[in-house]
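Take a look at the structure below.
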Amino acid sequence: MPTLDAFDSFLFSLSTSFCSPLAVFVQIQGCLICLTLAIGWAFAAYVRNREINQMKDSVRHGNSFAFLYHDVNELEHSKQVNLPGVSVVMPLKGFGEHNLHNWRSQITSLYGGPVEFLFVVESIDDPAYHAVSLLISDFKDEVDAKVIVAGLSTTCSQKIHNQLVGVEKMHNETKYVLFLDDDVRLHPGSIGALTAEMEKNPDIFIQTGYPLDLPSGSLGSYCIYEYHMPCSMGFATGGKTFFLWGGCMMMHADDFRVDRYGVVSGLRDGGYSDDMTLAAISGAHKRLITSPPVAVFPHPLASDLTLPRYWNYLRKQTFVLESYTTKVNWIMNRALFTSHCYLSWGFVAPYFMSMIHITAALRVYIKGYSLEETTLTSGGLLLVSCLATCTAIELLSMWNLTRIEVHLCNMLSPEAPRLSLASYKWGRVFIAMLVDNFLYTISAFRSHFSQSINWSGIRYHLENGKISKIERSKDMGPVFTDLGGKHLYGKKGAPPKVSFLGSLARAIAQWRQPKKYDI
């Protein structure tokens with residue numbers, strides 16, 4: 001029989017120690033985390049699938065416009081002319097490969113009531129300014145859209161500043177304001193669906209939705225997909241939720257006109273994150289946030305989304321927990337910080353232990369050691385089997401939810417290119433799960449101790465949970481945004497490549513356009 005070398009002796013001792021009661025607890029905990037996520041995604045899939053079945057049932061009863069309304073009678077002229085006015089405010093930053101498609105999906109909404117689209121940029125030097133101006137000129141006689149130059153923010157994040165300037169410029173008769181990120185791809189009936197819920201329940205403070213990430217193939221894009229997926233179950237409730245995504249928020253316009261609950265002052269005076277600030281205000285005043293089941297939006301990720309750009313995005317996400325508005329909000333953020341860090345590494349640790357168990361078993365097999373000589377037990381491989389089973393169940397549940405959301409998006413946008421699961425690489429999804437959860441805790445602690453973040457070339461410094469200092473320099477930030485890969489800087493008034501804009505009018509289907517406001 002071969003004798004144990006130093007490496008094998010250490011490896012077998014480590015594997016044996018990972019069968020101690022504490023180590024077994026950690027590994028069982030990892031299995032429970034996998035199963036909890038699987039159950040959450042299964043419930044979210046049920047909610048989304050219920051909406052699909054309702055749409056199919058409506059189609060079977062002769063409603064060819066079920067992607068707009070379940071009840072075809074809602075399309076009658078007498079009801080469409082009484083729809084409330086909506087102002088869609090979109091803060092822009094940079095220009096990338098998916099922007100034109102996203103903007104086009106927004107301004108070609110099939111909402112039947114008065115609607116205006118306000119694209120808000122920091123300055124005319126932003127590459128988005130010229131691109132969106134050309135887009136609007138192509139639809140100038142069909143939609144009410146304009147570009148607004150907001151100038152530089154001084155007391156809050158640039159995104160929040162752009163949003164508030166957009167609110168100031170919205171039409172006097174606007175009843176609801178819809179904030180959208182420029183990487184949101186709307187469905188034709190999205191504005192109508194959100195508005196219908198607001199009309200049905202006036203107690204709703206904010207309506208929100210969530211993105212369906214479309215990975216481009218890079219590991220960084222799969223890390224983004226995996227990062228968003230656990231949160232998706234909180235938005236697939238079909239009604240009340242405590243979660244809020246800043247990429248899609250519909251609110252009462254009057255809440256901003258009169259600064260109800262301090263929504264304007266809370267955002268303007270040191271606000272870093274629009275959704276976290278508004279969620280805190282909602283919680284403090286016990287206001288209702290809802291997420292309708294149709295509010296899931298395709299979110300294509302940049303084809304060159306690298307791991308460093310994913311890391312920059314993760315840093316911005318964890319930095320959000322360092323901002324707060326009240327003491328209660330601070331406590332909630334600390335609780336989220338602690339629990340997320342614990343669960344993230346609690347998720348990764350069992351896989352490291354399993355790797356040791358598997359390596360030890362392979363060394364025994366390859367070297368021909370006897371089990372008595374190695375002191376190994378079958379307990380380690382039993383734990384590996386349990387974790388592998390739970391991981392398979394988790395990935396299956398994630399796949400099922402993604403499959404259903406892809407199907408739902410295809411039904412909600414029948415004119416758009418079909419989405420497919422064929423491009424998803426589930427081996428990379430598993431690797432991304434480990435990478436994302438391992439890096440989350442590191443990012444969270446770095447954000448906590450730095451108290452500053454670089455967001456698209458702007459460095460924000462926090463003090464007591466609010467922005468206290470803003471530094472700007474093109475040399476201190478990235479050239480591209482993290483998720484969309486958008487160019488952040490460009491020559492003043494220089495148009496992007498004509499190929500994007502030249503294909504715009506040819507690619508769009510001729511939908512019935514929403515009404516403009518009557519001035």
Side-chain angles (χ1 to χ4, degrees), residues 38-77 79-80 83 101 105-106 108-113 184-201 204 207-214 228-229 232-241 245 248 250 290-300 396-424 508-512 514:
I39 293 171
W41 287 325
F43 175 76
Y46 167 77
V47 172
R48 302 293 193 197
N49 196 52
R50 185 176 59 190
E51 181 65 24
I52 290 174
N53 291 332
Q54 289 178 353
M55 292 177 64
K56 288 181 177 179
D57 185 64
S58 182
V59 171
R60 280 194 298 268
H61 286 83
N63 180 11
S64 301
F65 298 95
F67 64 96
L68 297 178
Y69 294 99
H70 289 160
D71 183 2
V72 71
N73 294 323
E74 294 295 327
L75 289 169
E76 292 180 357
H77 179 73
K79 294 187 177 181
Q80 293 287 300
L83 289 174
H101 194 165
S105 74
Q106 293 165 357
T108 56
S109 166
L110 291 185
Y111 181 61
V184 169
R185 186 170 294 178
L186 279 189
H187 306 294
S190 293
I191 297 178
L194 294 169
T195 304
E197 291 297 320
M198 297 289 280
E199 289 287 281
K200 188 185 305 181
N201 185 1
I204 295 176
Q207 271 205 106
T208 189
Y210 206 62
L212 169 61
D213 290 323
L214 306 176
H228 283 155
M229 280 303 290
S232 65
M233 64 184 73
F235 291 85
T237 62
K240 182 179 180 180
T241 182
W245 178 51
C248 174
M250 177 172 276
T290 66
S291 180
V294 295
V296 55
F297 310 104
H299 181 214
L396 180 62
S397 184
M398 182 189 291
W399 168 84
N400 184 54
L401 174 58
T402 305
R403 175 185 65 85
I404 289 174
E405 289 189 336
V406 163
H407 185 31
L408 178 59
C409 286
N410 284 333
M411 292 185 68
L412 291 171
S413 293
E415 90 295 351
R418 312 304 285 171
L419 305 180
S420 172
L421 276 178
S423 61
Y424 285 74
I508 188 169
Q510 295 300 313
W511 291 99
R512 178 176 62 85

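These values consider heavy atoms only, across backbone and side chains, with no hydrogens, waters or symmetry-generated copies.
Closest heavy-atom contact between S109 and I191: OG-CD1, 3.5 Å. Taking all atoms of both residues into account, the shortest heavy-atom contact from V184 to S105 is O-OG, 4.1 Å. Listed here is the closest heavy atom pair of S397 and A38: OG-O, 2.7 Å. Looking at every heavy atom in both residues, P293 comes nearest to V47 through CB-CG1, 4.1 Å. Taking every heavy atom of both residues into account, A193 and V294 meet most closely at CB-CG2, 3.7 Å.
The main-chain N or O of L83 is never found under 3.5 Å from a side-chain atom of E199 such that the two would form a donor-acceptor pair. Judged by distance alone, with hydrogens and angles left aside, the side-chain atoms of T208 form a donor-acceptor pair with the main-chain N or O of C248 at under 3.5 Å. Of the possible donor and acceptor atoms, one in the side chain of N410 sits under 3.5 Å from a partner among the backbone N and O of L419. Proximity of a side-chain donor or acceptor of T241 to a complementary backbone N or O of G234 within less than 3.5 Å is detected. A donor-acceptor contact shorter than 3.5 Å links the side chain of Y210 to the backbone of H228. Under a 3.5 Å cut-off, the side chain of W399 and the backbone N or O of L421 do not form any donor-acceptor pair. The main-chain N or O of M55 is never found under 3.5 Å from a side-chain atom of S58 such that the two would form a donor-acceptor pair. At least one donor-acceptor pair closer than 3.5 Å links the side chain of T402 to the backbone N or O of M398. In terms of modelled atom types and a separation under 3.5 Å, the side chain of N63 and the main chain of H70 share a donor-acceptor contact. The closest donor-acceptor contact from the side chain of E74 to the backbone of Y69 lies at 3.5 Å or more, if one exists at all.
Annotation: the span from L412 atom CG to L68 atom CG amounts to 9.5 Å, rounded to 0.5 Å. Note that SG of C409 and NE2 of H299 are 12.5 Å apart. Values are rounded to the nearest 0.5 Å. To the nearest 0.5 Å, the span separating CG on N400 from CD on E405 amounts to 10.0 Å. Residue R403 holds its CZ atom at 9.5 Å from CG of L396, rounded to the nearest 0.5 Å. In this structure, NZ in K56 is found 15.0 Å from NE2 in H61, a value given to the nearest 0.5 Å. With rounding to the nearest 0.5 Å, the separation of CG in N201 from CD in Q207 is 9.0 Å.
Between R48 and E51 there is no salt bridge, since no side-chain N of the basic residue sits under 4.0 Å from a carboxylate O of the acidic one.
Taking 4.5 Å as the limit, every side-chain heavy atom of M250 sits out of range of all side-chain heavy atoms of I204. A heavy-atom distance below 4.5 Å is not found between the side chains of P298 and L212. Proximity of L110 to F67: side-chain heavy atoms (C-beta onward) are separated by under 4.5 Å at one or more points. H407 places a side-chain heavy atom less than 4.5 Å from the side chain of I52. Put simply, the side chain of S190 does not reach to within 4.5 Å of the side chain of Q106, judged on heavy atoms. Contact of the L194 side chain with the P292 side chain is registered, since non-hydrogen atoms from C-beta on lie closer than 4.5 Å. Counting heavy atoms from C-beta on, the side chains of F297 and R185 never come closer than 4.5 Å.
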Passes side chain to side chain contact (heavy atoms under 4.5 Å, CB included), M229 versus W41? Steps please.
CA-CA 8 Å; M229 280 303 290; W41 287 325; 3.8 Å; yes
For Y111 and L186, run side chain to side chain contact (heavy atoms under 4.5 Å, CB included): C-alpha distance rounded to whole Å, both residues' side-chain angles, the deciding distance at 0.1 Å, then the answer.
CA-CA 12 Å; Y111 181 61; L186 279 189; over 6 Å; no
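For N53 and R50, the side-chain atoms include no donor-acceptor pair closer than 3.5 Å.
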